[in-house]
Amino acid sequence: MNEVTLKKIDESNFLDAFHLTLAPEQEKFVSHPIRSLAQAYVYYHQCTPFGIYHGDTMVGYVMVIYDYDLEEYDIWHMMIDEAHQGRGFGRAAMEVCLAYISGKPFGASNRVVLTCNRENSNAIALYKSLGFSETGNEDEDEMELSLELNA
């Protein structure tokens, strides 16, 4: 079905992440994994970039970062490859990602934050269905949503 796993991006799979694509109209919604991996390199002490896998196939990308200043987890650059969209991988990946965060890999916070382009109605609906709510914070075309994990 749509069971997914997260695998850390490393020398064995980073090229697979580079080959992930979005539909042209979606490219304004999320940074490409190449940019995200550059950020992961800079922030290596507080983040983990993951390939989203269905079996042995990388179907997407997500990065989890811990903001030590705000004491919160941030989900950055979540994307599902255009060829694999509409099959439930986004929801499954978010659920696995939240389970990873609940293990407190970097810090003890229960707060999870992400931003989403206001025009990305599919992603907004997904995030809200998982319990995220708008914080009221905005930056240009991005809105912030947050979730408090059960302690």
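Since the model is a prediction, treat every value here as computed from it, not as a measurement.
- In terms of the side chain to side chain donor-acceptor pair (under 3.5 Å) criterion, residue partners of T135 (sequence neighbours excluded) are, by chain and number, E144.
- How far CD of E95 is from CD of E3: 11.5 Å, rounded to the nearest 0.5 Å.
- Heavy-atom minimum distance, F132 versus M94: CE1-CE, 3.8 Å.
- Taking CG of L130 as the reference point, atom CG of L147 lies at 8.0 Å (rounded to 0.5 Å).
- The distance from atom CE of M79 to atom CG of L20, rounded to the nearest 0.5 Å, is 5.0 Å.
- In this structure, the separation between CD on Q46 and OH on Y66 is 10.0 Å, given to the nearest 0.5 Å.
- Summarising the geometry of C97 relative to I75, their closest heavy-atom pair is SG-CD1, 4.1 Å, with the distance given to 0.1 Å.
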One pair to check against side chain to side chain contact (heavy atoms under 4.5 Å, CB included): N110 and K104. What are the steps and the verdict?
CA-CA 8 Å; N110 287 321; K104 314 283 189 267; 2.5 Å; yes

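- The CD atom of Q85 lies 6.5 Å from the CD atom of E82; values are rounded to the nearest 0.5 Å.
- No side-chain heavy atom of T5 sits under 4.5 Å from any side-chain heavy atom of V96.
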Side-chain polar contacts of residues 36-45 - donor-acceptor pairs under 3.5 angstrom, sequence neighbours left out - could you list them?
{"from": "S36", "atom 1": "OG", "to": "Y61", "atom 2": "OH", "distance (Å)": "2.8"}
{"from": "Q39", "atom 1": "OE1", "to": "H77", "atom 2": "NE2", "distance (Å)": "2.7"}

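- R111 places no side-chain N or O within 3.5 Å of a backbone atom of E148 that could act as its donor or acceptor partner.
- The salt bridge (charged side-chain N to carboxylate O under 4.0 Å, His left out) search around E71 returns none, not counting sequence neighbours.
- Without hydrogens or angle criteria, D81 side chain to T21 main chain gives a donor-acceptor distance under 3.5 Å.
- When the side chains of ILVMFWY residues are joined at heavy-atom separations under 4.5 Å, either directly or via intervening members, L70 and L114 end up in two distinct hydrophobic clusters.
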Quick one, H54 with H84, criterion side chain to side chain contact (heavy atoms under 4.5 Å, CB included). Give me CA distance, side-chain angles, the key distance, then yes/no.
CA-CA 10 Å; H54 180 244; H84 300 284; over 6 Å; no

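- Residues Y73 and S109 share a closest heavy-atom pair of CE1-O, 3.6 Å.
- Within the 4.5 Å cutoff, side-chain heavy atoms of K128 are placed close to those of L145.
- For the side chain to side chain contact (heavy atoms under 4.5 Å, CB included) criterion with C47, the lone passing option out of V64, I65, D67 is I65.
- Within the 4.5 Å cutoff, no side-chain heavy atoms of E142 are placed close to those of R118.
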Name each donor-acceptor pair under 3.5 Å that joins a side chain in residues 119-127 to protein atoms two or more places apart or in another chain, with its distance.
{"from": "E119", "atom 1": "OE1", "to": "K28", "atom 2": "NZ", "distance (Å)": "2.7"}
{"from": "N120", "atom 1": "OD1", "to": "A123", "atom 2": "N", "distance (Å)": "3.3"}

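- A donor-acceptor contact shorter than 3.5 Å is absent between the side chain of D74 and the backbone of W76.
- I52 places a side-chain heavy atom less than 4.5 Å from the side chain of V62.
- Annotation: the span from T115 atom OG1 to D139 atom CG amounts to 8.0 Å, rounded to 0.5 Å.
- The side-chain heavy atoms of S146 and V112, taken from C-beta on, include no pair separated by under 4.5 Å.
- Looking at every heavy atom in both residues, M78 comes nearest to G90 through CE-O, 3.4 Å.
- With sequence neighbours left out, the ring-ring contact (aromatic ring centres under 6.0 Å, His included) criterion links F50 to Y100.
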For a quick test of your reading: what N or O donor-acceptor pairs under 3.5 Å do the side chains of residues 7-16 make, sequence neighbours left out?
{"from": "D10", "atom 1": "OD1", "to": "S12", "atom 2": "N", "distance (Å)": "2.8"}
{"from": "D10", "atom 1": "OD1", "to": "S12", "atom 2": "OG", "distance (Å)": "2.5"}
{"from": "N13", "atom 1": "OD1", "to": "D10", "atom 2": "N", "distance (Å)": "2.7"}
{"from": "N13", "atom 1": "ND2", "to": "K8", "atom 2": "O", "distance (Å)": "3.1"}
{"from": "N13", "atom 1": "ND2", "to": "Y53", "atom 2": "OH", "distance (Å)": "3.2"}

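- Taken together through direct or relayed side-chain contacts under 4.5 Å among Ile, Leu, Val, Met, Phe, Trp and Tyr, V113 and Y68 form parts of separate hydrophobic clusters.
- Note on L6 and F106: same hydrophobic cluster, where clusters join Ile, Leu, Val, Met, Phe, Trp and Tyr whose side-chain heavy atoms are under 4.5 Å apart, directly or indirectly.
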